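See structure below.
We use all heavy atoms of the structure for the numbers below, so side chains are in, but hydrogens, waters and symmetry mates are not. In this text, all values refer to a predicted model and were calculated from it rather than measured experimentally.
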Amino acid sequence: MTHSRDLAARHAWQGAFSAAFLNAVGMPIDFFLARNIPTMPIYPYAMSVLVGIGLIVFLLIRRQRATVRLGSAVFLVNMVTILVALWITSGYWATTGRPWTPFQANKLGALAVAMLAPQLGVGLVSIAGLAATAIGKVYFIDPEIQRGFPVGEPWFVLIYALFGAVLLIYRLRGLALEREMLRMQAEAAAAEQLARTFLRLRNYTNTPLQTIAFTTELLRAKHEDLKHILDRLERAGDKLTELSHALNRYENAHKWSPGEESLEAAIMDERMFGSHLRSP
């Protein structure tokens with residue numbers, strides 16, 4: 001059975017892996033689109049792609065030991081690498097003299113972060129970084145080039161950042177609700193399994209209790225000198241009978257299949273239930 005903690009770690013691993021994969025695949029595409037810019041350097045793309053590939057390999061190695069902290073750390077390292085590459089390349093895009101919609105990668109990145117970030121803090125920092133690098137880069141671009149920007153640029157990146165933050169919050173809230181439901185289902189299944197086991201034990205002890213009661217009455221009739229011992233034995237039997245009656249109220253809450261009432265079925269269920277709890 002998957003615990004909510006394991007599910008959170010899996011979500012974090014998947015988000016970090018997807019972000020690294022997009023880095024490793026997306027940067028070569030961006031470089032291909034910029035191939036006609038003579039001054040465009042290759043090293044920002046190469047650095048970003050190599051880091052993305054390295055993080056993918058690292059995540060695959062640590063897949064069985066994934067944690068939320070690990071996924072968040074990898075996500076941040078990947079994001080810092082992307083921000084450095086975008087900071088360098090955006091300046092060259094701006095100097096081409098061709099029509100250019102500024103900071104498209106930063107805008108798309110804000111939406112991608114909303115879909116992939118493992119934690120709220122990591123996601124908000126990443127979105128803020130994408131918006132800040134876009135706006136900050138403007139101050140390093142020639143004012144003459146800035147006048148050629150479309151109306152509203154580069155401030156449109158803030159709108160994308162706002163939408164990304166809202167999407168991130170709703171997505172993480174949905175994942176948190178999913179993990180909480182999983183935890184409650186696991187607890188309910190454990191409680192039901194425990195109740196079924198108690199009911200099986202009750203059924204298992206009914207016959208011995210009847211035998212003890214019959215034997216006690218028989219000995220009481222033949223051996224009056226054992227009255228004190230038999231009284232204690234009868235009181236013990238009465239307590240077990242009371243326990244059996246107390247468990248009767250759970251009887252109607254369970255639908256038994258043929259053979260499930262036996263103690264052997266309980267032992268088999270306990271083994272299966274325990275193995276599910278131990279499975280990753």
Side-chain angles (χ1 to χ4, degrees), residues 7-30 33 44-45 47-49 51-52 54-56 58-59 66-94 100-141 146 149-179:
L7 186 59
R10 188 176 69 184
H11 286 157
W13 186 93
Q14 290 173 344
F17 184 89
S18 299
F21 179 80
L22 288 177
N23 180 16
V25 173
M27 281 299 177
I29 296 175
D30 192 67
L33 296 175
Y45 296 103
M47 173 196 66
S48 188
V49 170
V51 170
L55 293 176
I56 289 173
F58 176 75
L59 286 170
T67 62
V68 175
R69 180 177 297 181
L70 174 69
S72 298
V74 170
F75 191 91
L76 280 177
V77 171
N78 186 68
M79 181 54 59
V80 169
T81 306
I82 293 174
L83 290 176
V84 171
L86 293 179
W87 177 272
I88 297 172
T89 58
S90 60
Y92 289 92
W93 279 103
W100 175 58
T101 303
F103 311 112
Q104 289 288 74
N106 297 66
K107 299 169 185 175
L108 293 176
L111 300 180
V113 167
M115 302 303 297
L116 300 175
Q119 291 180 297
L120 180 61
V122 172
L124 293 178
V125 168
S126 300
I127 292 173
L130 288 165
T133 53
I135 296 174
K137 188 65 176 179
V138 173
Y139 295 96
F140 292 86
I141 297 176
Q146 294 182 34
F149 283 2
V151 177
E153 295 291 354
W155 304 107
F156 274 129
V157 72
L158 294 179
I159 298 176
Y160 280 84
L162 177 61
F163 272 82
V166 173
L167 290 174
L168 173 66
I169 292 171
Y170 272 91
R171 169 180 158 266
L172 292 180
R173 286 185 61 186
L175 291 177
L177 287 174
E178 180 184 351
R179 291 193 290 267

**Prompt:** Can you tell me how far the CG atom of Leu33 sits from the CD1 atom of Ile29, to the nearest 0.5 Å?
**Reply:** 7.5 Å
**Message:** Could you check whether any side-chain N or O of Thr133 sits under 3.5 Å from a backbone N or O of Leu130, counting only pairs where one atom can act as donor and the other as acceptor?
**Reply:** yes
**Request:** Report the distance from atom CD1 of Ile127 to atom CG of Leu162, rounding to the nearest 0.5 Å.
**Result:** 9.5 Å
**Atom of Met115, atom of Arg171 and distance for their closest heavy-atom approach** = O-NE, 3.0 Å
**Non-hydrogen atoms of Gly52 and Ala20 that approach each other most closely** = O-CB, 3.8 Å
**Asked** Rounded to the nearest 0.5 Å, what separation is found between the NZ atom of Lys107 and the CZ atom of Phe103?
**Response** 8.5 Å
**Prompt:** Hey, is the main chain of Thr67 close enough, under 3.5 Å, to the side chain of Arg10 for a donor-acceptor pair?
**Reply:** no
**Asked** How far does OG1 of Thr89 sit from NZ of Lys137, to the nearest 0.5 angstrom?
**Response** 8.5 Å
**Prompt:** Taking C-beta and beyond as the side chain, do Leu70 and Phe58 meet within less than 4.5 Å on heavy atoms?
**Reply:** yes
**Prompt:** Taking all non-hydrogen atoms of both residues, which atom of Ala85 and which atom of Pro44 are closest, and how far apart?
**Reply:** CB-O, 3.7 Å
**Euclidean distance, Leu172 CG relative to Gln119 CD, rounded to 0.5 Å** = 8.5 Å
**Message:** When you compare the side chain of Phe17 with that of Leu55, does any pair of heavy atoms fall below 4.5 Å?
**Reply:** no
**Complete:** Here the gap from Leu111 atom CG to Phe163 atom CZ, rounded to the nearest 0.5 Å, amounts to 9.5 Å
**Asked** So which heavy atom on Val25 is nearest to which on Pro28, and how close?
**Response** O-CD, 3.2 Å
**Asked** What is the minimum heavy-atom distance between Val51 and Thr81, and which atoms define it?
**Response** CG1-OG1, 3.4 Å
**Prompt:** Taking only residues two or more places apart in sequence, or in another chain, which ones meet Phe140 in a ring pair (Phe, Tyr, Trp, His ring centres under 6.0 Å)?
**Reply:** Trp87
**Check: Leu86 and Met27 side chains under 4.5 Å, non-hydrogen atoms** = yes
**Request:** Let me know which of Leu76, Asn78, Leu83, Leu116 forms a side-chain contact (heavy atoms from CB on, under 4.5 Å) with Ser126.
**Result:** Leu76
**Request:** Measure from the side-chain N and O atoms of Asn23 to the backbone N and O of Ser48, and report whether any donor-acceptor pair falls under 3.5 Å.
**Result:** yes
**Shortest non-hydrogen contact from Leu124 toward Ala165** = CD2-CB, 3.9 Å
